[in-house]
2 protein chains.
Amino acid sequence: MPGHRSITEAEKLAAAKLGGTLIHREQMAVVANIYRAASAVRQHLENSVLRGADLTWTAFVVLWVVWIWGESETRHIAEEAGISKGTLTGVSRTLEGRGLVKRTGHPSDGRLVLLSLTEEGEALMQRLFPEFNQEEAFVASRLSDKECRDVAEGLRQVVRQVEEHGEERRLTLLDGAKPTQRRSGRRAKG
Amino acid sequence: MPGHRSITEAEKLAAAKLGGTLIHREQMAVVANIYRAASAVRQHLENSVLRGADLTWTAFVVLWVVWIWGESETRHIAEEAGISKGTLTGVSRTLEGRGLVKRTGHPSDGRLVLLSLTEEGEALMQRLFPEFNQEEAFVASRLSDKECRDVAEGLRQVVRQVEEHGEERRLTLLDGAKPTQRRSGRRAKG
DNA sequence: CTTTGATCGTTCGGAGCCAAATTGTACGAG
DNA sequence: CTCGTACAATTTGGCTCCGAACGATCAAAG
């Protein structure tokens, strides 16, 4: 995967492309590299530890959330895992089929569904997480502990900014404009 | 999407879960936040600038790569965009159908296909990129220019580590083990 | 010229994913 | 009790994505 074209070079070319227009170079670089790093890390982990356990990235994240937080309502799990409720339904069905996860109705509110790990799921995570963490250490091995903390803290700021002001910002941008349907997704009835 | 459970709290719980086992906390945190930030940024951009132009994230990245680097071979574009060759085939077909991209056979090597922007594609990027960059600035607005540079540089180290040593590392890990098929993907003929 | 092996892009199976529509439960107002 | 509203998970449709298999092309060797 080693691109022979460096990303910093791309940044200069983009600046040139825009001629007079002012562009935010540092912010462009940080976004581009966030996405690059995320892809690289995900691909490495899927093709090493997770492949051996026959788990996808998403399936692992869901297991991890349930493992850490214990039995939880599905809506919270979806939010923590960063996937939609609909996706979680499918993933948890698969995990249930493999005997890693258990689904329980909420005792007092019939609308809710709780997810928890089975004994087998618990055992799997106990074995798998250290391996996973080992690869996390591998991908970050060029950074010192302090650099890891600083980068993580910077990324948290990005997440917070989007979480706290993203929706408001999107509404401002679309102001009077049409909401424009997404290309995919279920269509209006009829 | 604002999780009422903080991610740092999750980190402590994970440590507790593992009892005696040593875990790499800082490295775990940096990986978790890379992925969180990537999802948040992608979602914000897809639901603001890109939605208006009816482009997916991937489609935009492909356009961006071709825009910056000019007419290129598809294998290089896929690599720069961080997607597989198979995915690029589909995406470029869509973009060609919308008149944003042009496909040309390589003059001397019949196996290669070159991609370039049409005039319409060029005009779109000229208009769209500044808007995109504006949102990049928004998501990074809690970071100073220097912080952006530092975070970007840290992330580049992660990308380089995986690019330069990832494959070797995966081979070491799987050592004598079976390659274990992926759950999805095309099966052996028959 | 023919064979062989490497390397393209494309095809295709299965999973992931979102968001609208749907179904089912809860609960207060009348 | 019955209605209506609110909110839960699920279903569904359309698209994205990866990676193995595939067919085409090229280059080197015999």
Side-chain angles (χ1 to χ4, degrees), chain A residues 1 38-39 42-47 50-51 54-62 72-79 81-98 103-115 179-190, chain B residues 1 39 42-44 46-47 50-51 54-62 72-79 81-98 103-115 179-190:
Chain A
M1 183 192 287
S39 302
R42 174 174 176 159
Q43 204 160 0
H44 176 72
L45 280 157
E46 282 190 333
N47 288 327
L50 298 185
R51 180 75 71 99
D54 195 26
L55 288 175
T56 62
W57 175 272
T58 307
F60 178 80
V61 171
V62 168
S72 313
E73 304 171 13
T74 56
R75 58 191 167 142
H76 295 321
I77 297 173
E79 185 180 324
I83 60 179
S84 71
K85 295 180 302 170
T87 301
L88 180 58
T89 297
V91 171
S92 59
R93 209 201 320 270
T94 302
L95 291 174
E96 188 183 26
R98 291 182 52 186
R103 302 159 55 83
T104 329
H106 191 283
S108 68
D109 189 334
R111 296 171 299 178
L112 303 180
V113 172
L114 302 176
L115 241 54
T180 61
Q181 255 276 56
R182 205 170 179 268
R183 243 205 195 317
S184 70
R186 198 169 182 176
R187 287 299 136 81
K189 66 178 173 182
Chain B
M1 186 192 283
S39 301
R42 173 173 176 159
Q43 204 162 358
H44 175 72
E46 282 189 334
N47 288 326
L50 299 185
R51 179 74 70 98
D54 195 25
L55 288 174
T56 63
W57 174 273
T58 307
F60 178 81
V61 172
V62 168
S72 314
E73 305 170 12
T74 56
R75 58 191 165 141
H76 295 321
I77 297 172
E79 187 180 323
I83 60 178
S84 71
K85 296 181 302 170
T87 301
L88 180 58
T89 297
V91 172
S92 59
R93 209 201 319 270
T94 303
L95 291 175
E96 188 184 26
R98 291 182 51 186
R103 302 158 55 83
T104 329
H106 191 283
S108 68
D109 189 334
R111 295 169 301 178
L112 304 179
V113 173
L114 303 175
L115 242 55
T180 61
Q181 255 278 55
R182 204 170 180 267
R183 244 209 192 313
S184 70
R186 198 169 181 175
R187 285 300 136 78
K189 66 177 174 184

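Below, read A as the first sequence line, B as the second, and so on, with proteins coming before strands; counting in each chain starts at 1. Predicted, not measured: the structure shown is a model, and the values here were computed from it.
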To the nearest angstrom, the CD1-C1' distance between A/I83 and D/dT16 comes to 16 Å

Distance-only donor-acceptor test, A/R111 side-chain atoms vs D/dC7 base atoms, 3.5 Å
yes

Is there a side-chain contact between A/T56 and A/T94 in this structure, where contact means two heavy atoms from C-beta onward sitting under 4.5 Å apart?
no

In whole Å, I'd like the distance from the CG atom of A/L114 to the P atom of D/dT10.
11 Å

Ranking A/G90 and B/S84 by the position along DNA chain D of their nearest nucleotide, the one closer to 5' is A/G90

Please tell me which of the listed nucleotides, C/dA26, D/dG19, C/dC8, lies nearest to the side chain of A/D109?
C/dA26

As a test of reading the structure: which of C/dC17, D/dC26, D/dT16 is closest to the side chain of B/R42, going by heavy atoms?
D/dT16

B/R93 CZ to B/L88 CG distance, which is reported to the nearest 0.5 Å:
10.5 Å

Which nucleotide in the set C/dT11, D/dA8, C/dG16 lies at the smallest distance from any side-chain heavy atom of A/T58?
C/dG16

DNA chain C: 5'-proximal contact among A/G86 and B/S92 (nearest heavy atom):
B/S92

Quickly work out the B/K85 NZ to D/dT16 C1' distance and round it to whole Å.
18 Å

Write down the distance between CZ (A/R51) and P (D/dA20), rounded to a whole number of angstrom.
6 Å

Please confirm whether the shortest side-chain N or O distance from B/Q43 to OP1 or OP2 of C/dC18 is below 4.0 Å.
no

Calculate the interatomic distance between B/R75 atom CZ and D/dT25 atom P; express it in whole Å.
17 Å

Regarding the side chain of A/L112, the nearest nucleotide among C/dA19, D/dC26, D/dA8 is D/dA8

Heavy-atom side-chain contact between B/L114 and B/H76 under 4.5 Å:
no

In whole angstroms, the gap separating P of C/dC18 from CD of A/E79 amounts to 13 Å

Taking atom C1' of C/dG14 as reference, at what distance in whole Å does atom CG of A/D54 sit?
12 Å

By nearest heavy atom, map A/E46 and A/R93 onto DNA chain D; which one lands nearer the 5' end?
A/R93

Residue-phosphate contact under 4.0 Å: A/T74 side-chain N/O, D/dA9 OP1/OP2
yes

Reckon B/G105 touches a base, only the sugar-phosphate, or nothing at all at heavy-atom distances under 4.0 Å?
nothing

Identify which nucleotide among D/dT16, C/dG9, D/dT25 has an atom closest to any side-chain atom of B/T56, counting heavy atoms from C-beta outward.
D/dT16

Closest to side chain of A/T87, choosing from D/dA9, C/dG16, C/dG9:
C/dG16

Please report, rounded to the nearest Å, how far the C1' atom of C/dC8 is from the NE2 atom of B/H106.
11 Å

Could you tell me whether the side chain of A/V61 reaches within less than 4.5 Å of the side chain of A/I83, counting heavy atoms only?
no

Which residue, A/S108 or A/V91, contacts DNA chain C at a nucleotide closer to its 5' end, judged by nearest heavy atom?
A/V91

Heavy-atom check, side chain of B/V113 versus side chain of B/H106, under 4.5 Å
no

For C/dA19 and B/N47 - does any side-chain N or O of the residue sit under 4.0 Å from the phosphate oxygens OP1/OP2?
yes

Looking at CZ of B/R111 and CD of B/E73, how far apart are the two atoms once the value is rounded to the nearest 0.5 Å?
10.0 Å

